[in-house]
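Note that the coordinates shown come from a computational prediction; the quantities given were computed from them, not determined experimentally. Per chain, numbering begins at 1; letters A, B, ... match sequence-line order.
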Amino acid sequence: MTDNLKLPSWLSRGIEEYFPIKGTDQTFSEIIDHAKKNNKKLRVKLGIDPTGTDIHLGHSILFKKLRAFQDNGHIAVLIIGDFTAQIGDPTGKNKTRVQLSEKQVKENAKTYLTQLGMGKPANESILDFDSKDRIEIRYNSEWLKGLNLNSIIELMGSATVSQMLAKEEFNKRYTSQVPIALHEFLYPLLQGYDSVVVQSDIELGGTDQKFNIAIGRDLQRHFKQDPQFGVLLPILTGLDGIKKMSKSEFNTVGLTEDPLSMYSKLEKVPDNIIPNYFELLTELDLSFLENSNPRELQRRMALEVTTLFHGAEEALKAQSNCEKLFLGHKEKVGEIPEISLKEIVFPVKFFYLLSALKLFKSSSESKRSIKGGGVKIDSQKVINPDLVFNSKNDLEGKILQIGKKIIKRFEN
RNA sequence: GGGUCGGUGCCCGAGUGGUUAAAGGGGGCGGACUGUAAAUCCGCUGGCUCUGCCUACGUUGGUUCAAAUCCAACCCGGCCCA
């Protein structure tokens, strides 16, 4: 049986894969179509683990898709994995994942929701928090905290070791003799159990979530529910153009970053991922990609994305400031982030100043960067880390540049 | 539980008594070039208000003028056996 309906474009854009093509009796597109005709609300699950405090563009594509479901009449079931956050998703990289306290997790969750626009009107926020019948926020500790051993055994009984080892991440670790702790097998099961509890019809996730979503289907079947469909979205490549966007790789753009920093980061992204960014982060028709100047594309993409989060006016201002800055017309630039000299005790050595202002991780690093020629004041390279500034007057109003990314204006 | 191998800087990985803040590579950062991209080339890549001082090779103790390197105990991991 083939699927002769097409997915609507609000849903199909930028998705990597959906599965299964055909559920128990209908194809995925039939279900979407049927829901629309009958005004049926589908329950669309998206889980986030509140392990950090910043949401970046990579996450945003999931949330934007979730919003699209909302806008088309469905229910966003946002699961805050406050409980699972404490186990840790076995991503291999995070072997030293810290145990987060309950309090920490709650706070992270709160900042996530704020960043997603909770409290703002729907047209200014990423998710629609206004339409109460289209948003459901659940914390998974609600049901996971009290699971008793019997239930846990039941969950564990529903999957096999070889299923688990089929998962690429586990498999890689197993074959390369990197330890896998038993409790790590629990993570997919618990995440899958979330689907059972919230009775999800569709689960959204990155392609790396395929396994977990599939486990969710198994468990739903086990608990006599219709298994969910999975919609997999691509993993956004980070600013380096190579690795996935992730806080630990320092290649992210945060949703709440100021326009200038957002624009300037995006505008220097490698060429090869530009089309990808256009497709995943904007709503533009992509036909113009074919014959455009690559430099223009960078600028346009940066502008579009910045507009999305800060509005057209702010974005244009950022673009113009950014360009003026690199052309050297600093005096015309009004929007450079300021950095306060209040806490500084003069006289002060240059390297110590930068370290004290937290512009570098350490004073040694500050010193090295200065020596290496990476630091400018008013466009002049300053390469003497021991240069002494005697008073605020030496610096006030001047513009500091560190590498290509950091630009600050000294203020009292 | 027994046997065996192993635990080195952000990561991988060399080093098996003496300028060792620790080869080499990757990654990262900075510079030149460029389109603020890529490629290439060059430099930097433990901390400290720093011509010096302090921490570092799983942990703790020991041997020695001197240890990442030798010894002991412990902790952690892989594999084989049970």
Side-chain angles (χ1 to χ4, degrees), chain A residues 91-97 170 172-182 184 237-253 260-278 289 292-303 306 318-330 333 336 343-377 379-390 400-407:
Chain A
T91 59
K93 288 226 154 188
N94 299 328
K95 36 186 157 176
T96 50
R97 189 162 196 162
F170 284 137
K172 228 165 51 195
R173 284 211 264 159
Y174 185 68
T175 50
S176 60
Q177 309 191 334
V178 176
I180 302 169
L182 283 177
E184 296 189 61
T237 307
L239 295 175
D240 53 16
I242 300 164
K243 283 176 265 194
K244 74 169 187 180
M245 185 172 283
S246 148
K247 199 146 189 231
S248 54
E249 301 292 349
F250 302 102
N251 59 5
T252 63
V253 180
L260 185 63
S261 116
M262 190 179 257
Y263 181 89
S264 58
K265 278 183 176 180
L266 286 169
E267 177 231 29
K268 63 187 293 293
V269 130
D271 290 347
N272 59 313
I273 57 169
I274 299 269
N276 195 239
Y277 274 37
F278 269 116
L289 283 173
S292 295
N293 172 298
R295 178 73 189 123
E296 276 313 304
L297 285 180
Q298 279 181 323
R299 297 182 62 235
R300 179 151 178 207
M301 185 277 289
L303 186 65
T306 309
Q319 181 175 59
S320 119
N321 280 334
C322 197
E323 259 141 49
K324 279 185 204 154
L325 198 65
F326 280 95
L327 292 172
H329 301 145
K330 304 222 164 40
V333 181
I336 297 180
E343 309 291 318
I344 304 299
V345 181
F346 288 89
V348 65
K349 286 188 182 170
F350 193 33
F351 80 91
Y352 184 72
L353 172 77
L354 299 186
S355 147
L357 291 171
K358 303 234 166 23
L359 294 167
F360 288 103
K361 281 204 300 272
S362 68
S363 66
S364 303
E365 188 178 314
S366 160
K367 204 168 192 176
R368 267 183 251 127
S369 284
I370 296 169
K371 275 190 193 158
V375 182
K376 293 180 190 169
I377 291 181
S379 300
Q380 296 293 311
K381 266 188 202 175
V382 177
I383 54 169
N384 174 15
D386 295 318
L387 184 67
V388 174
F389 296 100
N390 289 308
L400 173 78
Q401 273 176 270
I402 299 174
K404 286 168 188 160
K405 287 178 199 146
I406 301 177
I407 304 150

What are the atom names and distances for every N/O pair under 3.5 Å that joins the protein to nucleotides 75-82 of chain B?
{"residue": "B:rG78", "atom": "O2'", "partner": "A:Gln177", "partner atom": "OE1", "Å": "2.6"}

Open item on the list: Counting the atoms with a prime plus P, OP1 and OP2 as sugar-phosphate, which does A:Pro270 contact under 4.0 Å by heavy atoms, base, sugar-phosphate, or nothing?
Closed with: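 Sugar-phosphate contact only.
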TODO: Indicate, with a heavy-atom threshold strictly under 4.0 Å, whether A:Lys371 touches base, sugar-phosphate, or nothing.
DONE: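 Touches nothing.
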Using whole Å, report how far [atom1] of [X] lies from [atom2] of [N].
| X | N | atom1 | atom2 | value |
| --- | --- | --- | --- | --- |
| A:Leu354 | B:rC29 | CG | C1' | 15 Å |
| A:Leu266 | B:rU36 | CG | P | 17 Å |
| A:Leu260 | B:rU36 | CG | P | 16 Å |
| A:Ile273 | B:rU36 | CD1 | P | 18 Å |
| A:Leu297 | B:rA38 | CG | C1' | 15 Å |
| A:Asp271 | B:rU36 | CG | P | 12 Å |
| A:Leu400 | B:rG30 | CG | P | 13 Å |
| A:Met301 | B:rU36 | CE | C1' | 13 Å |

How far, in whole Å, is [M] from [N] if one measures between their [atom1] atoms?
| N | M | atom1 | value |
| --- | --- | --- | --- |
| B:rG78 | B:rG15 | P | 24 Å |
| B:rG24 | B:rC33 | P | 28 Å |
| B:rG6 | B:rC57 | C1' | 14 Å |
| B:rU59 | B:rA68 | P | 11 Å |
| B:rG77 | B:rU8 | P | 14 Å |
| B:rG2 | B:rA66 | C1' | 39 Å |
| B:rG17 | B:rG61 | P | 25 Å |
| B:rA23 | B:rG13 | C1' | 10 Å |

TODO: Answer yes or no: is there a side-chain heavy-atom contact under 4.5 Å between A:Leu400 and A:Leu354?
DONE: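 Yes - at least one pair of side-chain heavy atoms lies under 4.5 Å apart.
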TODO: State whether the number of non-hydrogen atoms from other residues, nucleotides or ligands found under 6.0 Å of A:Ile402 atom CD1 is greater than 12.
DONE: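 Enclosed: over 12 neighbouring heavy atoms sit under 6.0 Å from CD1 of A:Ile402.
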Task: Flag if over 12 foreign heavy atoms under 6.0 Å of OH, A:Tyr174 - done: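 Open.
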Taking salt bridge (charged side-chain N to carboxylate O under 4.0 Å, His left out) as the definition, give me every residue that meets it alongside [X], ordered by chain and number, with sequence neighbours left out.
| X | value |
| --- | --- |
| A:Glu343 | none |
| A:Lys172 | A:Glu169 |
| A:Lys265 | A:Glu257 |
| A:Arg368 | none |

Task: Sequence-aligned protein contact record of nucleotides 4-9 of chain B, with B where the base is within under 4.0 Å of a protein heavy atom and S where only the sugar-phosphate is - done: ------
- [ ] Give the B/S/- string for nucleotides 44-50 of chain B, one per nucleotide from 5' to 3', where a protein heavy atom under 4.0 Å of the base yields B, of only the sugar-phosphate yields S, and otherwise -.
- [x] SS-SBBB
Task: First of A:Gln319 and A:Lys381 reached from the 5' end of RNA chain B, by closest nucleotide - done: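 That would be A:Lys381.
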Task: ring-ring contact (aromatic ring centres under 6.0 Å, His included) partners for A:Tyr352, two or more places apart - done: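 A:Tyr352 satisfies ring-ring contact (aromatic ring centres under 6.0 Å, His included) with no residue once adjacent residues are dropped.
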- [ ] Quick one: list whatever passes ring-ring contact (aromatic ring centres under 6.0 Å, His included) with A:Phe350, sequence neighbours left out.
- [x]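 Expected list: A:Phe389.
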- [ ] Please confirm whether the backbone N or O of A:Ile274 pairs with a side-chain atom of A:Gln298, one donor and one acceptor, at under 3.5 Å?
- [x]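 No; zero donor-acceptor contacts below 3.5 Å.
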- [ ] Tell me, please, which residues at least two apart from A:Glu365 pass side chain to side chain donor-acceptor pair (under 3.5 Å).
- [x]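 By the side chain to side chain donor-acceptor pair (under 3.5 Å) rule, A:Glu365 matches no residue at all.
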Open item on the list: So, using side chain to side chain donor-acceptor pair (under 3.5 Å) as the criterion, who are the partners of A:Thr252 when residues are at least two apart?
Closed with: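 Partners of A:Thr252 under the side chain to side chain donor-acceptor pair (under 3.5 Å) test: none.
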Task: A:Asp240 (side chain) and B:rG28 (base): donor-acceptor pair under 3.5 Å - done: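 Checked by distance alone, the answer is no.
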For [X] and [Y], work out which heavy atoms get closest and say how close.
| X | Y | answer |
| --- | --- | --- |
| A:Gly241 | A:Ile273 | CA-CD1, 3.8 Å |
| A:Lys367 | A:Pro385 | CG-CB, 3.6 Å |
| A:Ala318 | A:Leu260 | O-CD1, 3.6 Å |

TODO: State the dot-bracket string of RNA chain B. Criteria: Watson-Crick or G-U wobble, both atom distances under 3.5 angstrom; notation: ( ) intrastrand, [ ] crossing earlier pairs, | interstrand, . unpaired.
DONE: ((((((((.[[[..)..(.....]]]((((((.......))))))(((...)))...[[[[[..)....]]]]]))))))).
